[in-house]
2 protein chains.
Amino acid sequence: MTSITRGFATIQQRDLVNQIADMLTEALLKGDFAPGVHLAEAQLARDFGVSRAPVREAARLLESRGMLVSQPRRGFFVRTFNDAELDDVYDLRLCLERHAIRLLAGKLTPDMEAALSDQLESMRRVARDGTGVQQIEEDVAFHRMLCEFSGNQRLVRVFDELCHEMRFCILLIGQLYDDPVRVADTHEPIIEALRTRDPDACEAALDYHIGIAQQRVVEMFRERETS
Amino acid sequence: MTSITRGFATIQQRDLVNQIADMLTEALLKGDFAPGVHLAEAQLARDFGVSRAPVREAARLLESRGMLVSQPRRGFFVRTFNDAELDDVYDLRLCLERHAIRLLAGKLTPDMEAALSDQLESMRRVARDGTGVQQIEEDVAFHRMLCEFSGNQRLVRVFDELCHEMRFCILLIGQLYDDPVRVADTHEPIIEALRTRDPDACEAALDYHIGIAQQRVVEMFRERETS
DNA sequence: CGACTGTCGAGTGTCGACAGTTTGAGAATT
DNA sequence: AATTCTCAAACTGTCGACACTCGACAGTCG
């Protein structure tokens, strides 16, 4: 458990694996590695100034999150997406959130409602003067809250996994929101529907919202792919 | 990377990690390790006659499947379940399969219908003269087929993860089906509903079926827990 | 000219070792 | 007797090294 200084970052005590995983994730989301490219363990280990063991474990972690894939005896590669896979991810996300919001509709407390409103407010704030990454994070946080408040922790875990993949796709596309304020506003109807406590109304509001998001992402993804 | 033994038969091309993971899985499902118990890497490595490295990786794999949990600097422990977690798993499973069967209702082909019927037949066969484990596997295979035929591969992946956890719970309970033939028969209405191609009818049939299964598992789990 | 074979470098799979941490039992103290 | 302290054993995190495999390239033979 040595402390290593290399370049900018000072890696210390806390589990190397998680730190490496975080750094790799960041690098992937920044687009430092092209999709499909091979990640050599030894090279990464040199870059991070550590041995191959923690790099391997970090890579396995990212593999379980669907950001890397591995082939026996060949190592790790940056995950690639195609249209169908992206569709699957959004379809599954819709499935989860629908279920979550229906559960939530039956148990919404004033606290939850307030938390969601607060989150919407944060979203509007960064929509005005935040970075693209911040906007996405606030957006994700709102939807994650829906899942959390549903009460099903297992569902939240799957949602988180999907989020990793969605972020990956989205930042692979580049700029997403041309009008972030308007995007933030489209979350308002969801909160309103929840206030009615009517599961069907909630589902409809959610469907509409996610439908737009999906359409936009898939469309931009296709454009990028054919270029 | 060892042993190319025994003529042509066993070329151990597959790496140690997967083999160890399989063996560990089997041991866990056989109940060789009590829930919550600590798994020492070095001990396992000695037992398997390998070094700690592949054992660690296998353990990480099982962790990502939800069968083990890890604590920093303390190692791996056999996953424990409580009522709430079991409820969450079944709730999520229902959510996935509902979605899958609705998708499937709109695209069912004769081939798919035949495959499902065949699977039901297998289920009935092992219900008469198969082991408990076989019965569970055939049952799972039927439901997995529903997910596969939905066309969403990502959904299948999550379903598989959930299955690992359900198997774990079920075999932790012990005997599950008191009348396996009757259990197999309860899948018939699902196929019939699919034939009508009506999503609502399909969902209803599925809800009924899974509801019974869940009720039974949860009930037995609670009994066992209080004993 | 094309197909096959041998060789070489790069990279993964696995191992044994070391260092720091956690745990639990027993000694020491209140 | 209960509690705290001490310390050694057991264990995890990390490292560097070696063996084996895969793919590329060049040379050989038809």
Side-chain angles (χ1 to χ4, degrees), chain A residues 1-7 9-24 27-28 32-34 36-64 67-79, chain B residues 1-6 8 10-25 27 32-34 36-64 67-80:
Chain A
M1 187 72 67
T2 45
S3 78
I4 294 130
T5 2
R6 173 69 56 109
T10 341
I11 298 184
Q12 284 209 353
Q13 301 297 20
R14 216 192 93 214
D15 202 16
L16 281 186
V17 175
N18 285 324
Q19 294 185 59
I20 295 172
D22 288 348
M23 286 170 138
L24 271 180
L28 284 168
D32 290 355
F33 302 104
V37 85
H38 178 119
L39 298 185
E41 294 173 12
Q43 184 59 52
L44 291 176
R46 272 193 297 275
D47 292 347
F48 288 125
V50 298
S51 76
R52 278 174 50 215
V55 171
R56 267 179 88 88
E57 290 203 24
R60 285 255 180 266
L61 195 60
L62 295 204
E63 184 186 18
S64 76
M67 304 182 71
L68 299 179
V69 294
S70 73
Q71 293 178 29
R73 292 249 159 239
R74 306 217 28 226
F76 293 92
F77 301 80
V78 179
R79 162 81 181 273
Chain B
M1 193 53 54
T2 44
S3 71
I4 303 173
T5 47
R6 241 162 285 178
F8 305 98
T10 37
I11 303 177
Q12 299 292 37
Q13 179 74 325
R14 246 182 15 152
D15 51 345
L16 283 185
V17 175
N18 285 322
Q19 294 184 58
I20 295 171
D22 288 348
M23 284 170 143
L24 272 180
T25 302
D32 290 354
F33 302 104
V37 84
H38 178 122
L39 296 186
E41 293 173 11
Q43 184 59 53
L44 291 176
R46 273 193 296 278
D47 292 348
F48 288 125
V50 298
S51 77
R52 279 173 51 214
V55 172
R56 269 179 87 88
E57 290 203 24
R60 285 252 182 268
L61 195 60
L62 295 204
E63 184 186 17
S64 76
M67 304 183 72
L68 300 180
V69 294
S70 73
Q71 294 178 29
R73 293 244 158 245
R74 304 209 36 224
F76 293 92
F77 301 82
V78 179
R79 160 81 180 273
T80 62

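Computed from a prediction, not measured in an experiment: that's the story for all the values here.
- Using a 4.0 Å heavy-atom criterion, one finds that B:Ile20 contacts no nucleic acid atom at all.
- Rounded to a whole Å, the CG atom of B:Leu39 is 9 Å from the P atom of D:dT12.
- Here the nucleotide nearest the side chain of B:Ala40, chosen from D:dC11, C:dT12, C:dC15, is D:dC11.
- Protein atom CZ of B:Phe77 is 11 Å distant from nucleotide atom C1' of D:dT12, rounded to whole Å.
- What separates CZ of A:Phe48 from P of D:dC15 is a distance of 13 Å, to the nearest Å.
- Between B:Val55 and B:Leu44 the shortest heavy-atom distance is CG1-CB, 3.9 Å.
- Atom CZ in B:Arg46 sits roughly 12 Å away from atom P in C:dG16 (whole-Å rounding).
- Between atom CZ of residue B:Phe48 and atom CG of residue B:Leu24 there is a gap of 4.5 Å, rounded to the nearest 0.5 Å.
- At whole-Å resolution of the value, NE2 in A:His38 and P in C:dG11 are 7 Å apart.
- Rounded to an integer number of Å, the gap from CG of B:Leu44 to C1' of C:dC15 is 17 Å.
- Going from atom CZ of B:Phe76 over to atom P of D:dA10 covers 21 Å, rounded to whole Å.
- Between A:Asp47 and A:Gln43, the side chains place a donor N or O and an acceptor N or O closer than 3.5 Å (distance only, hydrogens not considered).
- Proximity of A:Leu61 to A:Ile20: side-chain heavy atoms (C-beta onward) are nowhere separated by under 4.5 Å.
- Distance, A:Arg56 CZ to D:dT12 C1': 18 Å, rounded to whole Å.
- Between the side chain of A:Arg73 and the base of D:dG23, no donor-acceptor pair under 3.5 Å is found.
- Each of A:Pro72 and B:Arg52 was matched to the nucleotide of DNA chain D holding its nearest heavy atom; the match closer to the 5' end belongs to B:Arg52.
- Contact of A:Arg74 with D:dG23 (side chain to base): no donor-acceptor pair of N or O atoms is detected under 3.5 Å.
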